[in-house]
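Fair warning: this is a prediction, and the values are worked out from it, not measured in the lab. Atoms within a ligand are numbered from 1 in the order they appear, just like the ligands themselves.
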Amino acid sequence: MLAIIGGSGLYSLGDDFEVDEQASRDTHFGATSADILQGRWQGFPLLFLPRHGPGHKVPPHRVNFRANIWALKQLGATQIISINAVGGITSEMPPLTLALPDQIIDYSSGREQTFFDGDDGRVTHVDFSWPYSAELRGILLQAGLQLGQGLVASATYGCTNGPRFETVAEIIRLRQDGCNIVGMTGMPEAALARELEVEYACLALVVNWAAGIEGESISMAQVLANLEQGIDRVKALLQAACKLIQT
Ligand code: HPA
């Protein structure tokens with residue numbers, strides 16, 4: 001079953017999502033960000049979890065990624081599409097761009113990063129050369145083509161810790177490292193999904209130029225305005241992707 005993890009700006013799928021069940025937040029890794037909703041979106045069965053909780057109460061560095069991914073897997077998720085608001089670093093990533101990253105660099109710290117802590121006496125290293133599912137990325141690309149919606153088909157996502165935005169020097173470093181976009185929630189989510197063998201892709205919505213790329217500072221009002229403007233396109237793309245998965 002497909003699961004959608006909603007990021008900033010995507011806290012619900014709207015009235016056309018018919019909820020059949022609401023799963024408790026408890027896991028042995030702690031509580032998920034919110035109740036996980038199981039239902040049908042225009043007839044298509046899926047799971048939905050808003051990463052920052054209802055009303056955006058959970059900041060990026062406090063998201064219980066392990067609980068979220070574990071609970072989704074327990075409820076039958078075999079595929080996850082993650083929605084992430086990001087800052088644009090390179091010139092092809094102006095605000096309101098939709099991008100499908102194919103690589104990630106993790107600059108976050110202090111987060112629980114793995115299900116394989118060695119507690120069971122085993123050491124496990126999963127392959128993470130290509131962190132995102134080629135199949136799901138292909139479906140999202142095709143959905144974009146169907147809707148005439150331009151998507152940047154390849155990008156490197158730099159994951160910082162937040163909750164503050166980056167300094168200008170940090171963004172210069174990320175750009176030198178090859179990052180095209182920057183966000184705070186891409187990791188360890190993608191790696192945890194890989195550890196549980198759940199197909200995972202990220203659909204990133206650019207909501208601001210990263211620090212120092214344009215202008216003196218990042219305006220939260222502008223970020224929120226761009227989120228509001230872009231989220232309907234994200235939903236349309238997700239619906240088209242669901243139809244493609246169904247057929
Ligand atoms: N940096 C990090 N995370 C973000 C940004 C940014 O500029 N915009 C949205 N999420």
Checklist entry - How far is atom 4 (C) of ligand 1 from its nearest protein heavy atom, and which residue and atom name does that atom have? => result V182 O, 3.6 Å
Checklist entry - Do you see a donor-acceptor pair shorter than 3.5 Å between the side chains of N68 and T32? => result no
Next on the checklist: Please classify the N208 to ligand 1 contact at 4.0 Å (heavy-atom distances, strictly less than): side chain, backbone, both or neither.
Outcome noted: side chain
Checklist entry - Of all the non-hydrogen atoms in the protein, which one sits nearest to atom 6 (C) of ligand 1, and at what distance? => result F165 CD2, 3.5 Å
Checklist outcome for this item: atom 1 (N) of ligand 1 has as its nearest protein heavy atom E166 OE1, 2.7 Å
Checklist outcome for this item: Atoms of ligand 1 under 4.0 Å from any heavy atom of M184, numbered from 1 in the order shown, are 2 (C), 3 (N)
Item to check | Close side-chain approach of N84 to L203, heavy-atom, < 4.5 Å | outcome: no
Checklist entry - What about F29 and F65, are their ring centers closer than 6.0 Å? => result no
Checklist outcome for this item: protein heavy-atom neighbour closest to atom 10 (N) of ligand 1 works out as A85 O, 3.4 Å
Item to check | Donor-acceptor side-chain pairing of R51 and S8 below 3.5 angstrom | outcome: no
Checklist entry - How does V86 reach ligand 1, by side chain, by backbone, by both or by neither, if only non-hydrogen atoms under 4.0 Å count? => result backbone
Item to check | Between D16 and Q239, a side-chain donor and acceptor under 3.5 Å | outcome: yes
Checklist outcome for this item: protein heavy-atom neighbour closest to atom 3 (N) of ligand 1 works out as G183 CA, 3.4 Å
Checklist entry - According to the interplanar angle, ranging from 0 to 90°, do the rings of Y200 and Y132 count as parallel (below 30°), tilted (30 to 60°) or perpendicular (above 60°)? => result parallel
